[in-house]
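Keep in mind that this is a model prediction, so the values were computed, not measured. Numbered from 1 within each chain, the chains take letters A, B, ... in sequence-line order.
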Amino acid sequence: MKGNIIGKRIPRIDSVPKATGTAEYTVDLKLPGMIYGKILRSPLPHARIKSLDVSAAEALPGVCAVITAADVPMGKFSFFQWLADKTIFSSDKVRYVGDEVAAVAAIDADTAEKAIELIQVDYDPLPAVFETEEAMTADAPLIHDQESNIGFKVERHFGDPDNAFESCDFVVEGCYKTDRVAHCCLEVSNCVASWTPEGRLSIWTNAQAPHTQRQEVARILEIPLQDVRIINSHMGGGFGSKLVMDMKLPIAAVLSKKTGRPVKIQNTRAEEFSTAKTRYGYTMYVKTGAKKDGTLQARTVRVIADNGAYHDKGPATLNFSSMMFATLYNIPNIHYEGMVVYTNKQMSTAFRGFGNPQLTFACEVQLDELAEKIGMDPVEIRRINANTPGQKLQCGAVVPTCGLRECIEVAAQNIAWKEKYNRKDKLRGVGVANMVHTAAGGRYYGYNATDSFIKVADDGTVSIVTPGLEMGQGVHTVVAMIVAEELGLDMKSVKVLSNDTDLTPYDLGSWGSRATFVVGNAALATAREARVVIIETAAKMLDTKPEFIDLENGMAVARGPGMPEKSVSMGKLAAYAINNMKAPISVKGQWADDIPEDWDIKTEFVKNVRSFAFATQTCEVEIDKDTGEVKVLKFVAAHETGTTMNEMLAEGQIEGAVMQGIGFTLMESMTLDNGRVVNDGFLDYKLPTFGEQPEIDVQLIETGDPHGPYGAKGIGEAGLVPTAAALANAIYNASGIRVTELPITREFMLNALREK
Amino acid sequence: MKAFDYERPSTFEDACRILHAAGGSKKVLAGGTDLIVKTRHKVMAPEGVVSLKDVPGLSDISFDPEKGLFIGPMLRLSDVETADAVKTQYPALAAAVATIGSTQVRNRATIGGNICNAAPSADSPPILMAYGASVVIGDGKNEREVLLEDFFTGPGETVLRVGEIVKQIVVPAPPQNIFAIYIKAARSALDIALVGVALLAVFDPADRVVKDLKVALAAVAPTPVRSRQMERIVIGNKLDDTIIEKAVVESCTDACSITDIRTTEGYRDTLVETHTRQALEAARSWIEKGGVL
Amino acid sequence: MKRELNITINGQPYNLFVSTHRTLLEVIRDDLDLTGTKVGCEMGECGACTVIMDGRTVNSCLVLAHEAEGCEVQTIEDLTEDGKLHPIQESFVEHGAIQCGFCTSGMIMSTKGLLEKNPNPGEDEIRSEMRGNLCRCTGYVKIVEAIEAVRDGGDK
């Protein structure tokens with residue numbers, strides 16, 4: 001759709017403040033009287049705390065407070081409270097290098113750091129375990145007081161895979177592994193906590209889900225929900241790392257309570273790498289079977305996810321990847337078994353894709369193996385198995401729209417698949433991978449709805465109050481575009497008010513590619529409501545019927561048969577409403593996902609997603625025979641957008657995600673030494689730079705969506721879901737080396753080339 | 001960051017005196033790009049730093065066709081990289097310096113710092129060693145000149161005594177008919193060397209025989225190291241396939257690579273062989289074309 | 001220990017009294033509240049704190065404040081004139097080169113340093129000169145486009 005505003009390449013509404021350095025982030029915040037907190041963290045991966053002595057720290061001049069487990073509520077917490085396993089501070093034992101043990105607040109950061117070093121902790125080291133499959137053995141050290149280190153399990157089953165494999169012409173099996181990688185938000189995790197004299201707690205922080213983090217803070221501190229307020233500033237990146245409350249929030253709150261002053265706690269970059277959580281590392285045993293015509297018949301998978309020391313988004317990650325696993329192709333027989341396993345490492349959490357990039361890597365690499373066995377072109381096997389619009393899948397999911405075939409066509413064409421795939425050039429090759437992802441978040445909460453409010457001021461400004469959480473992806477711009485489109489305004493006339501749980505309606509936050517879909521739908525409903533009220537007001541003011549009024553260029557214009565054209569500005573209309581109709585123009589709108597009431601997530605897990613978005617990525621690589629370096633020459637990313645709301649922002653989301661995918665595939669990895677992250681800076685945790693960016697050809701496929709605003713689908717995560725598989729498949733095409741483990745280091749490639 | 005004192009003497013002698021009096025507890029501050037990182041990371045905890053910012057003459061650079069290149073230790077890497085004399089007479093030095101860090105880092109970091117940090121992975125020492133460079137060391141009273149290849153004693157360690165400061169880097173005038181190159185292996189466009197190979201060959205254009213060869217390696221030993229075993233194989237010979245192969249086989253003989261968080265010993269050795277071969281091939285092709293592009 | 005520091009920031013001379021171990025970044029952000037310059041890694045690896053000091057881009061996290069004695073420092077706050085965006089800022093906005101924005105100040109200052117050194121850099125030079133500025137959001141594509149557009153006189 002191309003409207004006056006929707007579909008245009010419109011600059012972000014927050015780009016001028018960001019380009020001029022005036023946009024304020026939480027790290028920039030300084031409150032009067034603010035002091036600085038610092039957390040003492042465990043230096044050992046697994047140990048009993050024998051004793052703790054804070055007296056020297058307390059005696060240091062400039063120290064305002066020192067707190068330990070004795071000073072905080074010690075109820076266990078987790079994102080899923082039924083899995084609660086973590087307290088604010090460790091009192092009896094620490095479970096990873098970085099576990100919170102104590103904290104100080106001091107007049108400046110240097111003093112706080114010095115005080116931390118003065119706290120004496122006597123540890124009794126325990127045997128630690130770092131690999132999931134080792135942690136699952138009978139004699140592995142137990143990390144929690146449970147029977148085993150398996151923290152959570154999920155199974156999905158339909159059809160009869162065992163029998164189906166028997167009747168398949170071709171079956172392939174393999175084990176695939178992906179590493180734990182860091183989000184690397186350029187703004188580190190940080191917060192400022194402060195209490196009002198009345199006893200209300202305000203926390204300024206960079207949170208992707210302020211309303212649910214507000215609940216989490218209240219829960220862990222055992223204080224009434226109404227006493228907690230979370231305020232976001234501009235946010236220097238999220239990518240899933242800032243969904244669940246970090247322990248620095250309650251710690252800062254307790255330090256602030258104790259000192260009566262605002263307390264800021266900010267990670268160092270090294271702390272961020274060691275404690276800010278990672279993507280779940282997956283070990284995946286996958287088996288796929290097909291008929292000789294290439295149609296997929298059965299697939300089974302066993303996922304072992306590396307939980308780290310405590311629970312976080314593990315169940316959601318496993319559930320979500322199970323769903324995408326069952327939806328990408330219409331496979332009639334499926335078994336999925338997933339588990340999260342505790343290890344003595346930092347926690348894992350959501351990271352752009354909720355497990356889908358990991359499992360898509362395994363499945364789409366295996367699909368190439370299968371195609372090769374059958375003797376089929378990788379593009380062809382994907383084409384014949386691609387879903388079609390309106391299809392009801394065996395797993396129960398319905399895909400009302402599906403642009404996968406168009407995505408495959410354009411991705412293959414733009415990489416010149418036909419000529420390049422069969423080319424016998426030395427060490428140059430092309431690869432392809434498909435994916436499906438949610439375009440609308442998830443329904444795990446049993447609730448997927450939100451509101452917004454619009455008010456029209458007598459200066460003509462239209463303000464929308466939205467809970468849309470802006471973390472850089474552009475949702476505030478999209479919300480402003482929707483309002484401008486519906487009310488005939490230019491972008492400058494729309495103000496977006498957000499970022500404060502005291503101000504905004506309840507919402508679940510920015511994750512799961514849901515913001516444009518859910519928040520955008522609420523904005524659209526609100527704008528349409530406002531349009532009705534504005535038009536009715538204009539009709540009264542211009543003495544005509546509402547059906548003759550249109551909104552354009554900031555004016556309400558009346559045009560009708562046999563009447564002279566009349567118009568009035570939005571500001572005058574608002575003033576008329578206030579003064580003459582005694583009713584200022586302010587409206588509320590809502591969007592609610594129609595979650596079936598009898599829905600059982602266990603049996604009908606595919607209903608977890610309201611809308612799907614499909615995509616295909618192809619790429620070309622060249623491998624250096626002497627160093628093993630994989631040079632990415634080009635990526636084509638063909639993604640279903642439903643309706644493209646803003647081409648420039650959509651391209652930006654996908655380009656950025658592809659680069660994160662390239663990092664995930666070729667460069668990024670956490671290096672541990674007895675549980676300690678040793679590459680805890682950008683020097684040795686390699687991120688893609690300007691030098692690694694290939695040409696990225698983004699193709700936006702508009703298939704519409706029955707539920708998205710203007711038919712739009714969420715696209716925030718999709719861009720990196722198929723990237724690893726496309727790269728691995730291109731590497732195979734170039735070298736004949738089948739890669740099953742990430743990251744694909746140069747050293748691995750070189751050794752593999754030499755072994756051939 | 002842990003607090004430390006800061007002094008900014010205005011003469012070289014004062015700087016030496018302060019350092020001497022501190023008995024090793026104070027560090028020279030040149031560009032600071034390494035010192036600040038190490039202090040913040042608690043790898044280093046100096047009681048104080050002695051800035052050379054106000055000491056005159058330490059950023060000078062001059063070239064004499066007979067005597068060679070004289071570089072002040074405080075010259076910023078970006079100025080080394082772009083100095084006319086370096087670009088025209090020592091292009092491989094310019095190229096090596098350009099691989100260091102980012103623009104912002106090269107705008108602060110100094111050539112003296114890159115040398116005196118004595119990081120095994122530093123990019124400028126191997127190529128300077130290949131060019132036969134030495135450093136002039138002063139303690140405020142006396143001076144001594146040390147060949148760069150004798151300067152390093154271990155990771156972060158040099159022959160510098162307490163109170164001594166590198167005063168100048170001297171690079172001999174390049175002989176006629178040379179070829180020099182620095183090849184760096186790294187994990188991304190912004191990285192320190194996994195391996196660095198610097199090569200300088202002096203050849204006879206008439207019979208194409210390599211009269212002299214210096215190869216120095218980064219990041220494969222506790223210090224930058226000459227690959228002497230390999231040099232001996234090449235010197236006095238033409239660079240043909242046989243000699244290159246023999247040389248490559250010996251390229252790691254003087255190295256003792258280790259496995260660290262960046263890569264493994266084995267991969268480092270492979271990279272040395274690969275890049276030594278590339279450097280020798282480049283030299284051969286240069287020599288065969290009579291020393292012109 | 002503190003000592004006197006005379007420094008000019010964005011054309012404004014300052015006479016400060018600053019601890020000897022503090023960095024230029026800390027003085028800019030914490031003492032002078034010029035928070036447009038961002039703190040990303042404090043190790044000189046991300047470029048978020050890039051400022052221009054005596055005509056050259058530097059990581060302000062790697063410059064001891066007292067090393068900037070007598071220097072002229074320019075930060076992102078100094079680029080707009082009479083409320084009008086600098087052409088580099090304009091180009092970043094127009095080309096979608098900004099997402100979360102946390103790297104943006106540093107990116108823009110590095111671009112300024114690059115174009116002042118060479119007004120006509122090729123794509124390879126742009127990528128090489130900018131390699132010290134990390135961005136996790138954009139994948140760099142649109143930043144390169146924005147820089148090329150400024151180089152080419154802006155294709156607004």
Open item on the list: Just checking C:E81: does its CD atom have more than 12 heavy atoms from other residues, nucleotides or ligands closer to it than 6.0 angstrom?
Closed with: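 No, because the 6.0 Å sphere around CD of C:E81 holds 12 heavy atoms or fewer from other groups.
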Open item on the list: Using side-chain heavy atoms (C-beta onward) and a distance below 4.5 Å, is C:V141 in contact with A:M659?
Closed with: no
Task: Minimum side-chain heavy-atom gap A:Q266-C:V39 below 4.5 Å - done: yes
TODO: Look at C:S19, C:G36, C:G101 and state which one has the largest set of heavy-atom pairs under 4.5 Å with chain A.
DONE: C:G101
Task: Interchain contact, C:D124 with chain A, by part (heavy-atom threshold 4.5 Å) - done: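 It is neither, since no heavy atom gets under 4.5 Å.
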Task: When C:H86, C:K38, C:H21 are compared by non-hydrogen pairs under 4.5 Å with chain A, the top option - done: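 Most heavy-atom pairs under 4.5 Å with chain A: C:K38.
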Open item on the list: Is the shortest side-chain heavy-atom distance between C:C135 and A:F690 below 4.5 Å?
Closed with: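 The answer is no, as the side chains (C-beta and beyond) never meet within the 4.5 Å cut-off.
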Task: Close side-chain approach of A:Q653 to C:Q99, heavy-atom, < 4.5 Å - done: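 Counting from C-beta outward, A:Q653 and C:Q99 do come under 4.5 Å.
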Open item on the list: Please rank C:I108, C:T138, C:L34 by heavy-atom pairs under 4.5 Å with chain A and give me the top one.
Closed with: C:T138
Task: Interface moiety of C:T80 toward chain A, non-hydrogen atoms closer than 4.5 Å - done: side chain
Task: Side-chain ion pair, C:E145 and A:R9, N-O less than 4.0 Å - done: no
TODO: Check whether C:L134 gets within reach of chain A through its side chain, its backbone, both or neither, counting any heavy atom under 4.5 Å.
DONE: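 Both parts, backbone and side chain.
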Open item on the list: Using heavy-atom distances under 4.5 Å, tell me whether C:M43 contacts chain A through its side chain, its backbone, both, or neither.
Closed with: neither
Task: C:Q89, part contacting chain A, at a heavy-atom distance under 4.5 Å - done: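 Both parts, backbone and side chain.
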Open item on the list: Donor-acceptor pair, distance only, cut-off 3.5 Å: does the side chain of C:R136 make one with the backbone of A:H183?
Closed with: yes
